[in-house]
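Residue indices begin at 1 and follow the sequence shown. Both counts, for ligands and for their atoms, begin at 1 and track the order of listing. Just so you know, these numbers use all the heavy atoms, side chains as well, and skip hydrogens, waters and symmetry mates. Keep in mind that what you see is a predicted model, and the values were worked out from it rather than measured.
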Amino acid sequence: VIELLLVGFGHVTRRFVRLLDERGDRLAGEHGLDTRIVGIATGRHGAAYDPKGIDIATALQRVEGGQPLSPLDASDTPPTDGLDLIARASERPGAARVVIEATPLNIVDARPAVDHVRLALLSRMHVVSANKGPVAHAHADLSVLAHKMGVRYLFEGAVMDGIPIFNLVRETMPACEVVGFRGVINSTTNYILTMMEDGGEFADALAAMQEQGIAERDASLDVDGWDAAAKAAALANVLLDARLTPQAIERTGIGQLTGDAVRQAAGRGSRIRLVASARRGRDGVRARVAPEELAPDDPLGLLRGMSNALYLETDLLGRVGITQLDGGLTQTAYALLSDLVTVHRGLQAPREGRPDRSP
Ligand SMILES: NC(=O)c1ccc[n+]([C@@H]2O[C@H](COP(=O)([O-])OP(=O)(O)OC[C@H]3O[C@@H](n4cnc5c(N)ncnc54)[C@H](OP(=O)(O)O)[C@@H]3O)[C@@H](O)[C@H]2O)c1
């Protein structure tokens, strides 16, 4: 049995535990995977640790009803936070443990997520995460640490929801070099640009998205290109072995674009999209996020609404593209699930399962 510690119990993690339940029979039958949730830590709903297992239906009910998790703790003193939860679990010897890290993105320095990941790895726990912060800020250190401790650090959900981009390269492209990439990797801005193409103005498009709950009230992370920069840094760090942070990415958002400019481009047969790109050159990896006017035959220009796509430039396969037509919560939760299966496979066959390139 793999013990799971959930650090962050928001939309993504709650969908993940429901998926784990819904797919329980297949996971057991096809993969021999059996899990027990032993700990949960949140920001405002407290935390609980019970090595015998937490009743997840009750935990869901409590958090969704705005109640604290502390009554589910096995002791009188529930963990104070995610770090305390990891520390407590590590005091008990034995079980294979996976920390599911899905706390909010902190664009500035990825804290406390990066501390959760580091402590878990140091405690010989595997980490599966949907949080791009630690990958964008500290991937090199964390992957070295994971390797040293003999555990996995996987984060398929961090970029393009559940679309297997990191898995694609790690598992299916051995000895092939990724030398650059280009993509549309922020859904909110793509949706706004599409609405502007169809006749809307920036402010109206943004307001409509906020009303539908697609964009945050504070949309600056998306609009100013920060989210795309964090994803670009994560992709560059993992696929191009860079040492970038979101702050090191040359970045222009879409806030200055007018509906007229977007529609004039469409009138010329081209499309304006927020493009994230990176390339390895003689002086290291350079990456940028900026609106670009794309030629009519550029496949990125065909992306409408919430869809995303990423094209990898490689030395042996030429350009390889992957398109996400249906991103969202289930896809991100599925990324956590598929990473968990990857960890499990490695535990079943430690020698066969070793990746030739640590993510
Ligand atoms: N939503 C998506 O579709 C999606 C897609 C791709 C990636 N992601 C990434 O997945 C992560 C989680 O997203 P989400 O939508 O699930 O966010 P969310 O609904 O806001 O949930 C965040 C969770 O983290 C908890 N939390 C906040 N600060 C914490 C801390 N210091 N220690 C422990 N827990 C803490 C929150 O607890 P309280 O509620 O009690 O404060 C909540 O349970 C983010 O990094 C996000 O960027 C999300």
Is it the side chain, the backbone, both or neither of Asp161 that has a heavy atom closer than 4.0 Å to ligand 1?
side chain
Can you tell which part of Thr332 has a heavy atom less than 4.0 Å from ligand 1: side chain, backbone, both or neither?
side chain
Shortest non-hydrogen contact from Val17 to Leu6?
CG1-CD1, 3.7 Å
Would you mind checking if Glu293 and Arg271 are paired as a salt bridge, meaning a charged N to carboxylate O distance below 4.0 Å?
no
Decide whether an N or O pair under 3.5 Å exists between Gly43 and ligand 1.
yes
Before signing off on this row, confirm whether His11 and ligand 1 have an N or O atom pair separated by under 3.5 Å.
yes
Verify the contact flag for atom 17 (O) of ligand 1, where contact means a protein heavy atom under 4.0 Å away.
no
Tyr153 and His147: aromatic ring centres closer than 6.0 Å?
no
protein heavy-atom neighbour closest to atom 14 (P) of ligand 1 works out as Val12 CG2, 3.8 Å
If I apply the N/O under 3.5 Å rule, does Thr13 come out as touching ligand 1?
no
Just checking, is any N or O donor in the side chain of Asp218 or Ser220 under 3.5 Å from an acceptor N or O on the other one?
yes
May I ask you to identify the nearest protein heavy atom to atom 8 (N) of ligand 1, giving residue, atom name and distance to one decimal place in Å?
Ala130 O, 3.8 Å
How close does the nearest protein non-hydrogen atom get to atom 31 (N) of ligand 1, and which residue and atom is it?
Pro112 CG, 3.5 Å
Going by the atom numbers of ligand 1, which of them fall below 4.0 Å from some non-hydrogen atom of Gly8?
23 (C), 24 (O), 25 (C), 34 (N), 43 (O)
Tell me whether Gly328 has any N or O atom under 3.5 angstrom from an N or O of ligand 1.
no
With backbone taken as N, CA, C and O and side chain as the heavy atoms from C-beta onward, which portion of Arg14 lies under 4.0 Å from ligand 1: side chain, backbone, both, or neither?
neither
